[in-house]
Protein chains: 2
Amino acid sequence: MAGQRRSPTQVDVARRAGVSQATVSLVISGGALGNQVAESTRQAVLQAAAELGYTVNAVARSLKGGRNRMLGLYTFEPVFPVDQRDFYFPFLLGVEEATAAYGYDLLLFSSAGSGGDRRIYAGGVNRLKVADGCVLLGRHLHRDDLAELAKEDFPFVFVGRREVPGVELSYVAADYVGATSEMVAHLARLGHRRLAYLKVTDDREWTRDREAGFRQGLVAAGIPDDQVRVFAMDERAALSAVRLQDWLAAGITAVLVEPTDDDSAIVALENAAAEAGVRIPDDVSVAVLGDPPLSEATARDWTRFTLPREQMGREAVRILLELLNDNVSARQLYLDCTQVAGDSVTELPE
Amino acid sequence: MAGQRRSPTQVDVARRAGVSQATVSLVISGGALGNQVAESTRQAVLQAAAELGYTVNAVARSLKGGRNRMLGLYTFEPVFPVDQRDFYFPFLLGVEEATAAYGYDLLLFSSAGSGGDRRIYAGGVNRLKVADGCVLLGRHLHRDDLAELAKEDFPFVFVGRREVPGVELSYVAADYVGATSEMVAHLARLGHRRLAYLKVTDDREWTRDREAGFRQGLVAAGIPDDQVRVFAMDERAALSAVRLQDWLAAGITAVLVEPTDDDSAIVALENAAAEAGVRIPDDVSVAVLGDPPLSEATARDWTRFTLPREQMGREAVRILLELLNDNVSARQLYLDCTQVAGDSVTELPE
DNA sequence: ACCGGAAATTGATACGTATTAAGGACGGCG
DNA sequence: CGCCGTCCTTAATACGTATCAATTTCCGGT
């Protein structure tokens, strides 16, 4: 490999074909005016391009404002968090599939920083703009980055509901409200009318949505508030065996658990149960409100609901392309979750 | 979406700070000459930039530099063949991981063929060049595309050994020869000295390498050729129960199987065994020479070897960057496979 | 032969940044 | 006072493409 050869440009092609750079551009990117080029000229240009091995320079093109047929995928966590691969992979799969189907390429923004904290505007640089638009993904986002991005009118779609004050975002979200409500209904049908709800303290969209769904389900099932225990878990206040026994003593027959990144709530519950000599589901039913990310870790086949992750990825791309091409404003889309029977919930004898 | 707001540029910052665009560039990107800026000026610029919410335009920056900080990943099969996700995913994972670690972004070329057949030079244009370099992946490649690519001096690394006449390619390959040879040694240690070898008819690198390893293993174990049956399988000549019984009658105690895209060889062997009433591993030991792509399909825990797929992906990126930055010529790298005990091989009683 | 007008092509410019050579201000030294 | 060097700043330019206004080419019609 001798001398880092510069790749040929439209100017080179033009020179070879005996036309101007502008003509080459018209032939290559054949916009609306592409048809105005004479067939003979077009052929000459194409042949010259082929001979030189010309390729369009995506960077230059997007600098000018043109399109690249590239969509971006940016994740606020490392693209494939080692311990959550199985959780994130389906999203990627869906995005990739749809991207390919629409004839685009997919740019994974992985560069953003091996150092834990991923920012869109790392070092004051916004790489995202190389792509025509972008799908965003991840739990630990930075709202101000989103606001900034929106302010720049850069087209993007978040996978998951995200709210930023004063900005209308586009997203494709799982219907946590409906799914949680449905789970309550399911439990109620099985005779469970005294419930515990184990949530995380973070005040995030998904936590709020699940709790809203829970409340809604209670109302629908006619379960009064005083039949219910809501417990917010964080590092300091883990779930103790004592508290669990307390619940059982109070007549609680089922626990709804919100999954977390590290499955801590589920693990805590299992530990507490083991310590207290409480069996799942014999002594208490447990329903998980979503997909436990580390499904390997906890071997049980939880009664739960599942996000349509692949579909979410696909729909995100579809909406992104709508934003791009139809010049519409922000759009939101909710998709249904699927209830999974599992074996951690039992019917309650009368 | 009212006024397609353009994000502020260095010119805007310069105007606001009362300096020139060049000075802003010096302050922001503070190259070697960045120190030559007076402290007062620097502060003024930084403040103006902060007030305007300025961010560097990465596109414009890399236009100037010629590089994109993008690596490509091109697969000759669809990026995630639905039935082979588990097989391809680790490669992607390794590539992604290394790409991120080196501070690059990863472009997945998924757009290629809606018409099934994926070619690099679609429409006479080489899409790959949008990236600085490219990792290639896949079984069903087009040699001429590779030759063309190499002729253009485009930096790329294949995952898997690939040979194209007259061209020296770079690749990261699994050491099929060593692993297969080792497998023969393993069988020999367990007392198996009459072997059948089930290969595919395609004359591809991996098939040749495995067979070479097989021959090498035979020599090392001191097994003469007449103790061995080699059977090449294709659609017309599937493995029959009769032939299997024939082998057993001839004293064959172990079969080595080359895995294929669709696990056809393994499935054929299992079918033949079932039909002939032959049990694996009780009546015959079976070793698989690689990873059965559809591991789900065949529930057994095969005695086999595993490619270091993730590592192959990582190394491919590392070599690609060497090609890019150190201006070296083609490089090849072989990585060891890992033998997996499994339960489809038994020790032979004396 | 000339003209009008459509068709085909091109020149010029913008996009936002990095870089380099050149310019200007300033002060010290002879 | 003039010369020179140091330090700081800037004008100019290149990068590769897209786009639009302007220009040339080409024909048919009168």
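Labels below follow one simple rule: chain letters A, B, ... track the order of the sequence lines, proteins then strands, and each chain is numbered from 1. Keep in mind that the numbers below use all heavy atoms, side chains included, and drop hydrogens, waters and symmetry copies.
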Nearest-Å distance, [atom1] ([X]) to [atom2] ([N])?
X	N	atom1	atom2	answer
A/Gln10	D/dC15	CD	C1'	13 Å
A/Ile28	D/dT19	CD1	C1'	16 Å
A/Gln43	C/dA8	CD	P	14 Å
A/Gln21	C/dA12	CD	C1'	11 Å
A/Tyr54	D/dG16	OH	P	10 Å
B/Leu26	C/dT17	CG	C1'	11 Å
A/Arg42	C/dA7	CZ	C1'	14 Å
A/Leu63	C/dC15	CG	C1'	4 Å

- prompt: Out of C/dT10, C/dA12, D/dG16, which nucleotide sits closest to the side chain of A/Thr23?
  reply: C/dT10
- prompt: Which of these nucleotides, D/dT9, C/dT9, C/dG16, is closest to any side-chain atom of B/Thr9?
  reply: C/dG16
- request: With the side chain counted from C-beta on, respond yes when A/Val135 and A/Phe91 share a heavy-atom pair under 4.5 Å apart, and no when they do not.
  value: no
message: Taking donor-acceptor contacts at under 3.5 Å, does the side chain of A/Glu39 reach the base of C/dA8?
response: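 No, no donor-acceptor pair under 3.5 Å.
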Please tell me if [X] has a side-chain N or O lying less than 4.0 Å from either OP1 or OP2 of [N].
X	N	result
A/Ser25	D/dA18	yes
A/Arg61	D/dG16	no
A/Ser20	C/dG11	no

Treating [X] as the side-chain partner and [Y] as the backbone partner, does any N or O pair qualify as donor plus acceptor under 3.5 Å?
X	Y	answer
A/Gln311	A/Gly94	no
B/Arg162	B/Tyr171	no
A/Glu322	A/Val328	no
B/Asp132	B/Leu71	no

- prompt: With sugar-phosphate meaning primed atoms plus P, OP1 and OP2, does B/Ala22 contact a base, only sugar-phosphate, or nothing at under 4.0 Å between heavy atoms?
  reply: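 Answer is base: heavy atoms of B/Ala22 come under 4.0 Å of a base.
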query: How is A/Val19 classified with respect to the nucleic acid when contacts are heavy atoms under 4.0 Å: base, sugar-phosphate, or nothing?
result: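 Answer is sugar-phosphate: A/Val19 comes under 4.0 Å of backbone atoms only.
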- request: Would you mind telling me which residue lines up with the more 5' stretch of DNA chain C, A/Ala38 or B/Val24, judged by nearest nucleotide?
  value: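 Going by which nucleotide is closer to the 5' end, it is A/Ala38.
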- prompt: Side chains of A/Gln43 and A/Glu39: is there a donor and an acceptor less than 3.5 Å apart?
  reply: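 Looking only at side-chain atoms, A/Glu39 and A/Gln43 do form a donor-acceptor pair, the distance falling under 3.5 Å.
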- request: Would you mind reading off the bend of the helix from C/dA1-D/dT30 to C/dG30-D/dC1 from its two end axes, five pairs each, to 10 degrees?
  value: 80°
field: Name of the residue among B/Val157, B/Leu146, B/Thr75 meeting side chain to side chain contact (heavy atoms under 4.5 Å, CB included) with B/Leu136
entry: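 That would be B/Leu146; it is the only one of B/Val157, B/Leu146, B/Thr75 passing the side chain to side chain contact (heavy atoms under 4.5 Å, CB included) with B/Leu136.
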